[in-house]
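I'd like to ask some things about the structure below.
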Amino acid sequence: MSENANEMTGAEGVATQFTLADFIREQQEVYKGSGAFSSVLHSIALGVKIVSQGVNRAGLASMLGLAGSENVQGEEVKQLDVYSDEVFSHVLGRSGEFISMVSEERENMFQARAGGKRSRYVIAFDPLDGSSNIDVNVAIGSIWSIYRRVSDGWQVDPLDTSDYLQPGYLQVAAGYALYGLSTMFVFSTGHGVSGFTLDPSIGEFILTHPDMVVPQDGNIYSCNEANVRGWHRGVQRYVEEMKEGGNSARYVGSLVSDFHRTLIKGGIYLYPSDSRKPQGKLRLLYECAPLAFLAEQAGGRASDGKQNVLSLVPQSIHQRCPLFIGSKNMVARLEQLIADEEK
Ligand code: AHG
Ligand code: MN
Ligand code: MN
C-alpha cells in the first residue's frame, strides 16, 4: 500500500493502537498466567461491551424504569440491573469452565455454566452500579472482583461460600467499567492499574490510561452529606475541616463515577455508617474490596474508618461495609480524627 493510501485510511494509526487483547496476551506471557484467567478477562470485557450497548440504547429500547421487583437488599431493581446481571452470567458461562459467581442481584451464589471442569476462579459482581442515575442519563458502571477458588475438588457441587469469604488482599484481579461519555474498562491484576477506553468504531478497548496513580493528596471530598447527622463525630469533623480548608465537594451518586474521578484527580470518597445504616450502605465483596484493591494498586488507600478494607474478611456474601477511599494522606487524616474521637 502506498504512503498516501495509509494516510487516507488512517490504517496504520488504528492498527498500532495497544488494545486490551494485546495487554491480556502480554500479561499472560510475562506472568505465566494460565489461559483460563485470560479467558475470564476476555469474557468480562465482552460483557462490558454488551452492557455498554444496552446502556446506550436504554432510552430507545424503553429499558428505563422499574423491573417490578426488588433485589436481595430490598432495593428497587431497574431493568438494566437485571439485563446486566444476565449478560455477565452468560458471557462468563462461555469461558468453558464451571465458574461460581456472586451478584448483587441474586441472593445466593450461582453457576455461570452447568457441568464441566470447575474454574480455578470465582467472581463477585455488581453488574450495574449507580442504578438510581439510569433514569437521568448520568454515568453508571459495573464492578467485579476475582478470587482464586479455595474450596476443594474439580467436580460437582461447585458452590462453596468459603471461596468468597477471603480478605480483599487475596483478590487475583479487580476492576470496573464506567459507562460515561466514553465507556472505560479499568482493572488491575496486582501489577498496577490500567485504564482502557472503548473505541466504538472498531469495538476494541484501547489502552488510554497506563499505570494509573492516585495523587497522595487532593482537594475534593465526595459524600452524601444529607446523612451527616448520623455520622461518627470523627467523620463530621473531617468534613468540617474540608469545608474550612477551601476544598470542593463532588457527588455523582454512582460509586464507580465518584471513584473514577477520585482515582484520576485525587480526593476522598466517603460512605460512612450512620445511625440508620450501622454497617454503611456499600457491599464489601463487590463494591468496597475491588475498589480498595484498585486504590491500593494505584498508590491510594481504602479504610472502613479503622482498618484497611483489604484486610476485612467477609462473613457473608452480601455484607456491607463503611468506605473511605482515595488519596492516601486524606484517608489517613480521616482515620486519625476517628481514632482521636474514640480516645
Ligand atoms: P447500586 O446501584 O449498585 O445499588 O449502588 C448504589 C450505590 C453507589 O453506586 C452509590 O455511590 C450509592 O449507592 C449512593 O447512595 P446514596 O443514594 O445513599 O447516596
Ligand atoms: Mn453498586
Ligand atoms: Mn448494582
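All figures in this text were calculated on a predicted structure; none of them were measured in a lab.
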Derivation and outcome, side chain to side chain contact (heavy atoms under 4.5 Å, CB included), residues V252 and R261 | CA-CA 10 Å; V252 179; R261 181 199 56 248; 4.0 Å; yes
pair V87-S84: side-chain heavy atoms closer than 4.5 Å | no
Is R106 close to D85 at the side-chain level, that is, under 4.5 Å between some pair of heavy atoms?
-> yes
Nearest 0.5 Å, what's the CE-CD1 distance between M101 and I146?
-> 10.0 Å
To the nearest 0.5 Å, atom CD of E105 lies from atom OH of Y83 at 15.0 Å
Taking it one step at a time, do S100 and Y121 satisfy side chain to side chain donor-acceptor pair (under 3.5 Å)?
-> CA-CA 8 Å; S100 153; Y121 306 101; over 6 Å; no
Exam field: side chain Q297 to backbone G192, donor-acceptor pair closer than 3.5 Å =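 Pair found, side chain donor or acceptor close to backbone of G192.
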S38 and L41: CA distance, side-chain angles, deciding distance, side chain to side chain contact (heavy atoms under 4.5 Å, CB included) verdict = CA-CA 5 Å; S38 298; L41 289 178; 5.7 Å; no
Residues R320 and E287 bridged, charged N to O under 4.0 Å = no
Checking side chain to side chain donor-acceptor pair (under 3.5 Å) for the pair T19/D22: CA distance, chi angles, key distance, verdict?
-> CA-CA 5 Å; T19 68; D22 295 329; 3.1 Å; yes
Does K277 offer a backbone N or O that forms a donor-acceptor pair with the side chain of S273 under 3.5 Å?
->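 No: the side chain of S273 does not pair with the backbone of K277.
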Could you walk me through whether L285 and Y164 pass side chain to side chain contact (heavy atoms under 4.5 Å, CB included), step by step?
-> CA-CA 8 Å; L285 201 51; Y164 295 98; 3.7 Å; yes
Within a radius of less than 6.0 Å around OH of Y169, do more than 12 heavy atoms belonging to other residues, nucleotides or ligands occur?
-> no
Can you measure from CG (L92) to OG (S103) and round to the nearest 0.5 angstrom?
->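 L92 CG to S103 OG: 11.0 Å, rounded to 0.5 Å.
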Are there more than 12 heavy atoms of other residues, nucleotides or ligands under 6.0 Å from atom CG of D340?
->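 More than 12 within 6.0 Å, yes.
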Hey, does E335 have a side-chain heavy atom less than 4.5 Å from the side chain of R301?
->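 Yes, side chains in contact.
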Under the 4.5 Å side-chain heavy-atom rule for ILVMFWY, direct or indirect, which residues accompany V150?
-> none
Assess whether side chain to side chain contact (heavy atoms under 4.5 Å, CB included) is satisfied between V309 and L323, documenting all intermediate values.
-> CA-CA 8 Å; V309 167; L323 181 65; 4.0 Å; yes
Any donor-acceptor pair under 3.5 Å linking the side chain of S222 with the backbone of R250?
->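 At least one qualifying donor-acceptor pair exists.
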Reported CD1-to-OG distance for the pair I140 and S257, which is rounded to 0.5 angstrom = 8.5 Å
Is any side-chain heavy atom of L284 less than 4.5 Å from a side-chain heavy atom of L312?
-> yes
Close side-chain approach of F88 to V51, heavy-atom, < 4.5 Å = yes
Ring centres under 6.0 angstrom apart (Y286, F125) =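 Y286 vs F125: aromatic centres not under 6.0 Å.
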Any side-chain heavy-atom pair from T161 and I317 closer than 4.5 angstrom?
-> yes
Is the CD atom of E107 crowded by more than 12 outside heavy atoms at less than 6.0 Å?
->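 Counting other residues, nucleotides and ligands, CD of E107 stays at 12 neighbours or fewer.
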Consider only side-chain heavy atoms of I, L, V, M, F, W and Y, link residues closer than 4.5 Å, and tell whether L198 and V186 are in one cluster.
-> no
Should F259 and V138 be regarded as members of a common hydrophobic cluster, given that ILVMFWY residues are connected when their side-chain heavy atoms come within less than 4.5 Å of each other, either directly or indirectly?
->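 Not linked; separate clusters.
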T262 (side chain) donor-acceptor with G326 (main chain) under 3.5 angstrom |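 Not a single qualifying donor-acceptor pair exists.
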In the hydrophobic clustering that connects Ile, Leu, Val, Met, Phe, Trp and Tyr at side-chain heavy-atom distances below 4.5 Å, which members other than I268 occupy its cluster, ordered by chain and number?
->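 Members other than I268 - counting any ILVMFWY side chain reachable under 4.5 Å - are Y221, V228, W231, V235, Y238, V239, M242, L270, F324, M330, V331, L334, L337, I338.
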On a heavy-atom basis, the closest approach of V193 and S188 is CG2-CB, 4.1 Å
Start with the C-alpha gap between D217 and S327, add the side-chain angles, then the distance that decides, and say whether side chain to side chain donor-acceptor pair (under 3.5 Å) holds.
-> CA-CA 5 Å; D217 275 297; S327 295; over 6 Å; no
Quick one: does Q171's side chain have a donor or acceptor within less than 3.5 Å of a partner on A289's backbone?
->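 Pair found, side chain donor or acceptor close to backbone of A289.
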In Y176, F23, F205, F293, the residue satisfying ring-ring contact (aromatic ring centres under 6.0 Å, His included) with F187 is F23
Nearest atoms (heavy-atom pairs only) where L310 meets A292 = CD2-CB, 3.7 Å
Tell me whether V214 is reachable from I220 by hopping between hydrophobic residues (I, L, V, M, F, W, Y) whose side-chain heavy atoms are closer than 4.5 Å.
->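 As far as the 4.5 Å side-chain criterion goes, V214 and I220 are not connected within one cluster.
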Ignoring hydrogens and angles, tell me if any N or O in the side chain of D129 forms a donor-acceptor pair with the backbone of L255 under 3.5 Å.
->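 Yes; at least one donor-acceptor contact below 3.5 Å.
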Do other residues, nucleotides or ligands put more than 12 heavy atoms under 6.0 Å from the CG atom of N224?
->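 Yes - once you tally the heavy atoms of other residues, nucleotides and ligands closer than 6.0 Å, there are more than 12.
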Salt bridge or not for R283 and E104, using N-O below 4.0 Å?
-> yes
Closest heavy-atom contact between S162 and S151?
-> OG-CB, 4.0 Å
Hey, does the side chain of D258 reach the backbone of G253 with a donor-acceptor pair shorter than 3.5 angstrom?
-> yes
What distance do I134 atom CD1 and L80 atom CG have between them, rounded to the nearest 0.5 Å?
-> 4.5 Å
Check ion pair R233-E342 (N to O, under 4.0 angstrom) | no
Side chain H260, main chain V256, donor-acceptor under 3.5 Å | no
Pairing of E296 and K328 as salt bridge, 4.0 angstrom limit |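 Looking at K328 together with E296, the answer is no, because their closest N to O distance does not fall below 4.0 Å.
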Okay, side chain of E29, backbone of E26: is any donor-acceptor separation there less than 3.5 Å?
->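 No, the answer is negative, given that no donor and acceptor are paired below the 3.5 Å cut-off.
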Do R276 and N227 touch side chain to side chain, with heavy atoms closer than 4.5 Å?
-> yes
Do you reckon I143 sits in the same ILVMFWY cluster as Y269, going by side-chain contacts under 4.5 Å, direct or chained?
-> yes
Carboxylate-amine/guanidinium proximity below 4.0 Å for E244 and R237 = no
Give the cluster check for W144 versus L263: same hydrophobic cluster or not, with ILVMFWY residues linked at side-chain heavy-atom distances below 4.5 Å.
-> no
Which heavy-atom pair separates P127 from S142 by the least distance, and what is that distance?
-> O-OG, 2.7 Å
Do the non-hydrogen side-chain atoms of Q27 and T189 ever get within less than 4.5 Å of each other?
->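 In contact.
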So, for I99 and S119, which heavy atoms are closest and what is the spacing to 0.1 Å?
->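 Closest heavy-atom pair between I99 and S119: CG1-CB, 3.4 Å.
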Hey, could you give me the CG/CG distance between L128 and N133, rounded to the nearest 0.5 Å?
->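 So the CG of L128 and the CG of N133 are separated by 10.5 Å.
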Can you see which heavy atom on C321 is nearest to which on D304, and at what distance?
->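 Looking at all heavy atoms of both residues, the shortest contact is SG-CB, 4.2 Å.
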Side chain of Q166, backbone of D163: donor and acceptor closer than 3.5 Å?
->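 A pair under 3.5 Å: yes.
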